[in-house]
Visitor: 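Got a structure here, written out as structure tokens. Questions coming.
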Amino acid sequence: MTSTAELADALTKLLMLAHPPVAVSFRNGTPFADVEEVVKQPAGCGYWAPAEKGRLQTKPSDHANCSVGSYTHGLIDLEAAATGDDTARLLSSGWVGESDLANAPHLPFRPQEICYEPLAETSQPDVVLLRLSPCALMTLQGACSQIRLVSKPQCQIVPLAYAGEMVVSPGCAGESRANRPS
């Protein structure tokens with residue numbers, strides 16, 4: 001059986017990744033040991049890059065700065081996400097439409113904690129995230145023709161991957177678009 005460290009090494013080499021793969025793990029009953037305070041990010045996807053360097057154990061309140069991400073991560077329901085001030089700014093920016101939000105997938109449970117860490121340092125991730133270059137994306141798509149491109153919101157890749165889909169996203173423009181002057 002291949003360890004996650006071996007898998008992380010193989011993915012990094014085969015896809016010539018400039019950034020290590022990140023594991024995402026959810027806990028509903030048994031909390032992670034020694035949960036430390038993390039620096040809150042503007043959105044859940046803000047934990048992905050720092051997790052390349054070490055473990056970040058988050059609580060639902062650590063994700064409260066992004067209503068859409070809190071919804072896709074199963075932390076709040078659609079009604080709560082739709083009424084958030086940040087969601088109103090996204091909708092008014094035109095980047096996310098009401099149908100994007102209404103059709104966004106979400107985790108089918110409410111995690112008590114979400115852990116983000118290097119794939120090489122975990123044992124049983126629920127989701128694996130890769131930061132791909134265009135060349136790596138083409139290589140991956142050549143090997144996995146069922147890979148699907150999703151656009152907005154980017155954070156929908158987490159529940160889709162949790163459900164077993166291989167998905168990629170070009171990124172999230174939510175923060176920069178929502179705060180642009182009119």
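What you see below is based on every heavy atom in this structure, not just the backbone, and it leaves out hydrogens, waters and symmetry mates.
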Visitor: Report the distance from atom CG of Leu137 to atom CD1 of Ile147, rounding to the nearest 0.5 Å.
Guide: 6.0 Å
Visitor: Check whether any side-chain heavy atom of Val168 sits under 4.5 Å from a side-chain heavy atom of Ile157, and report yes or no.
Guide: no
Visitor: Please check: side-chain N/O of Asp9 versus main-chain N/O of Ala5, any donor-acceptor pairing under 3.5 Å?
Guide: no
Visitor: Nearest heavy-atom pair of Leu17 and Ala136: which atoms, and what distance?
Guide: CD2-CB, 4.4 Å
Visitor: Hey, what do you get for OG (Ser70) to CG (Asn65), rounding to the nearest 0.5 Å?
Guide: 8.5 Å
Visitor: Using side-chain heavy atoms (C-beta onward) and a distance below 4.5 Å, is Leu119 in contact with Pro20?
Guide: no
Visitor: Starting from the C-alpha separation in whole Å, work towards a yes-or-no answer on side chain to side chain contact (heavy atoms under 4.5 Å, CB included) for Glu98 and Leu91.
Guide: CA-CA 7 Å; Glu98 288 183 26; Leu91 291 170; 4.1 Å; yes
Visitor: Could you tell me the separation between the NE2 atom of His19 and the CD atom of Glu52, rounded to the nearest 0.5 Å?
Guide: 5.5 Å
Visitor: Would you check if Pro21 and Thr12 make a side-chain contact, meaning some heavy-atom pair closer than 4.5 Å?
Guide: yes
Visitor: So, do Leu101 and Thr87 sit near enough that their side-chain heavy atoms are less than 4.5 Å apart?
Guide: yes
Visitor: Which pair of non-hydrogen atoms, one from Cys135 and one from Met16, has the smallest distance, and what is that distance?
Guide: SG-CE, 4.3 Å
Visitor: Quick check for you: to the nearest 0.5 Å, what is the distance between Tyr162 atom OH and Thr72 atom OG1?
Guide: 14.5 Å
Visitor: Evaluate Leu15 against Thr139 for side chain to side chain contact (heavy atoms under 4.5 Å, CB included), listing each step before the verdict.
Guide: CA-CA 7 Å; Leu15 297 172; Thr139 301; 3.9 Å; yes
Visitor: Going by distance alone, is a donor N or O of one side chain under 3.5 Å from an acceptor N or O of the other, for Thr122 and Glu117?
Guide: yes
Visitor: Which word best sums up how the rings of Tyr116 and Tyr47 line up, parallel for under 30°, tilted for 30 to 60°, or perpendicular for over 60°?
Guide: parallel
Visitor: Hydrophobic clusters here meaning ILVMFWY residues chained together by side-chain heavy-atom distances under 4.5 Å, can you tell me if Met166 and Leu7 are in one?
Guide: yes
Visitor: Could you grab the distance from atom CG of Leu140 to atom CG of Leu130, nearest 0.5 Å is fine?
Guide: 7.0 Å
Visitor: For residues Ser67 and Asp86, is any side-chain donor paired with an opposing acceptor at under 3.5 Å?
Guide: yes
Visitor: Is a side-chain donor-acceptor pair under 3.5 Å present for Gln146 with Arg148?
Guide: no
Visitor: May I ask you to say whether Asp85 pairs ionically with Arg89, meaning some side-chain N is under 4.0 Å from a carboxylate O?
Guide: no
Visitor: Check Ser61 against Lys40 and note the closest heavy-atom contact, atom names and distance.
Guide: O-NZ, 3.4 Å
Visitor: Return the CG to CE distance between Leu132 and Met138, rounded to the nearest 0.5 Å.
Guide: 11.0 Å
Visitor: Which atom names give the shortest non-hydrogen contact between Pro125 and Thr4, and what distance separates them?
Guide: CD-CG2, 4.0 Å
Visitor: Return the minimal non-hydrogen interatomic distance between Gln41 and Pro50, and the atom names on each side.
Guide: NE2-CG, 4.5 Å
Visitor: Is the backbone N or O of Pro118 less than 3.5 Å from a side-chain atom of Glu121, with the two atoms forming a donor-acceptor pair by type?
Guide: no
Visitor: Check whether any side-chain heavy atom of Leu56 lies under 4.5 Å from a side-chain heavy atom of Cys115, and answer yes or no.
Guide: no
Visitor: Between His63 and His73, does the ring centroid distance fall short of 6.0 Å?
Guide: yes
Visitor: Please examine the side chains of Asp62 and Ile114, heavy atoms only from C-beta on, and report whether any two atoms are closer than 4.5 Å.
Guide: no
Visitor: Does the side chain of Pro108 come within less than 4.5 Å of His106's, by heavy atoms?
Guide: no
Visitor: Please tell me if the side chains of Gln154 and Trp48 come closer than 4.5 Å, counting only heavy atoms from C-beta onward.
Guide: yes
Visitor: Give the minimum heavy-atom separation between Ala161 and Val167, together with the two atoms involved.
Guide: N-CG2, 4.5 Å
